[in-house]
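In what follows, chains are A, B, ... by sequence order, proteins preceding strands, each numbered from 1. This is a predicted model, so every value here is computed, not measured.
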There are 2 protein chains.
Amino acid sequence: MSAERRPDLAAMLFPLGRALVALEEPILAEHDLGMWAYAVLAGLGDGPVRTQAALAEAIGADKSRVIAVLDDLQARELIERRPDPADRRVRLVSLTPAGRRLRDRVQDAIQHAEQRYLEVLPAGDREAFLRSLRTLARAVRAGRRTS
Amino acid sequence: MSAERRPDLAAMLFPLGRALVALEEPILAEHDLGMWAYAVLAGLGDGPVRTQAALAEAIGADKSRVIAVLDDLQARELIERRPDPADRRVRLVSLTPAGRRLRDRVQDAIQHAEQRYLEVLPAGDREAFLRSLRTLARAVRAGRRTS
DNA sequence: GCGCATCATAGGCTCATGCTTACTGATTCA
DNA sequence: TGAATCAGTAAGCATGAGCCTATGATGCGC
């Protein structure tokens, strides 16, 4: 047991991630949302409003790539983009009520679908798994900042 | 607690995966290995020999994309590619002793680096997390086959 | 007021990926 | 024997991601 030969983390995480994304795709397609669009909606949920560059970085997207997504979401009245009265260089991005509703609906559907995967885990492990994932995700975000 | 608002699994898995890959890259570069090359070396470890198409599918790569990788690994005498005497259409791919040594060395280095991430988890959760990951990764592989 | 930094935006460039087609040699089956 | 199938190989194409630069508008320190 000294040298437990487990597969590398990345070797297990990536197929899992791909499978999860494949799970999300049909759900997002139903609501005419792309991955990035959904990432924006979900990312806006955490904080109330923010600046666009920060939003892009928060969801791990390229600054220039997010703009087209925001344009589309704005045209569909799912988000609002207003110039900050305090600093008119930045745009305050916020969810509209419709955007909030859509995000909730999609997120519910996705998390319901995810249950199918989580069900293969014993209840105790499932708890610990989700807790660990959140801890690690937070650590990654923190690491990005300091490095 | 009825509606626990956790982030979607994919939203946590993907940044983690990216961070893990970023962790591996410098280690692989030290040994002149690309991601796919390492995936092949690691993938060959499980079974003793196999057919190329099966290998490609096992590591989630495209059949045509793997060939160049195999060519390179073979040129460096890390793998062996021999026609199967039983069915001369297929090539039996196997690690050479040098290939096995390299894979072990790299895998040790990678898993050592991964510890830095796992350390943020309490010991009990870490166990459950790794166990869950393996279970889920297996479930994904199984799901790919049946669907 | 002037120069420098910052934000949003736009465009382009490169690369890896996934997908597709075609060709060759080998096998299997009718 | 002949036809269909299959593994490996090679090449091409479309897509999307990351990255880098430029521009216009604004804010801030000097």
Return the polar atom pairs (N/O with N/O) between nucleotides 27-29 of chain D and the protein under 3.5 Å, or none.
unit_1	atom_1	unit_2	atom_2	d
D:dG27	OP1	A:R88	N	3.0

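Taking 4.0 angstrom as the limit, A:R81 places none of its side-chain polar atoms (N or O) nearer than this to OP1 or OP2 of C:dA8.
Side-chain proximity of A:T51 to D:dA10, C:dT9, C:dC7: nearest is C:dC7.
Regarding B:Q74, its CD atom lies at a distance of 13 Å from the P atom of D:dG8, rounded to whole Å. A straight line from CG of B:L92 to C1' of D:dG8 spans 13 Å, rounded to a whole angstrom. Distance A:E57 CD to C:dT6 P: 15 Å, rounded to the nearest Å. Nucleotide C:dA16 holds its P atom 15 Å from the CG atom of B:L28, rounded to whole Å. At whole-Å resolution of the value, CG in A:L55 and P in C:dA8 are 10 Å apart. Atom CG of B:D71 is separated from atom C1' of D:dT9 by 9 Å (rounded to the nearest Å). For the pair A:L70 CG and C:dT9 P, the computed distance is 7 Å after rounding to whole Å. For the pair B:I59 CD1 and C:dG18 P, the interatomic distance rounds to 11 Å; values are reported in whole Å.
Nearest-nucleotide positions on DNA chain C place B:M35 closer to the 5' end than the other of B:M35 and B:K63.
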Subject >> Contact state string [nucleotides 11-20 of chain D, B base, S sugar-phosphate only, - no protein heavy atom under 4.0 Å] >> reply: BB----BBBB

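When atom types are taken as modelled, the side chain of B:R103 and the backbone of B:A42 share no donor-acceptor pair closer than 3.5 angstrom. One N or O on the side chain of A:T96 and one on the backbone of A:E77 form a donor-acceptor pair closer than 3.5 Å. In terms of modelled atom types and a separation under 3.5 Å, the side chain of A:R91 and the main chain of A:P83 share no donor-acceptor contact.
A salt bridge links B:R131 to A:D125: at least one charged side-chain nitrogen sits closer than 4.0 Å to a carboxylate oxygen.
A:V40 pairs with exactly one of A:L78, A:L95, A:L73 by the side-chain contact (heavy atoms from CB on, under 4.5 Å) rule, that one being A:L73.
Taking both residues in full, the closest heavy atoms of B:L136 and A:Y117 are given as CD2-O, 3.5 Å, listed atom of the first, atom of the second, then distance. A:R81 approaches A:V93 most closely through the heavy-atom pair CG-CG2, 4.4 Å.
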**OP:** Would you check, one step at a time, whether the test salt bridge (charged side-chain N to carboxylate O under 4.0 Å, His left out) holds for B:R76 with B:D72?
**Re:** CA-CA 6 Å; B:R76 291 160 65 185; B:D72 176 58; 3.3 Å; yes

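Taking the six-membered ring for Trp and thresholds of 30 and 60 degrees, B:F129 and A:F129 have nearly parallel ring planes, at less than 30 degrees apart.
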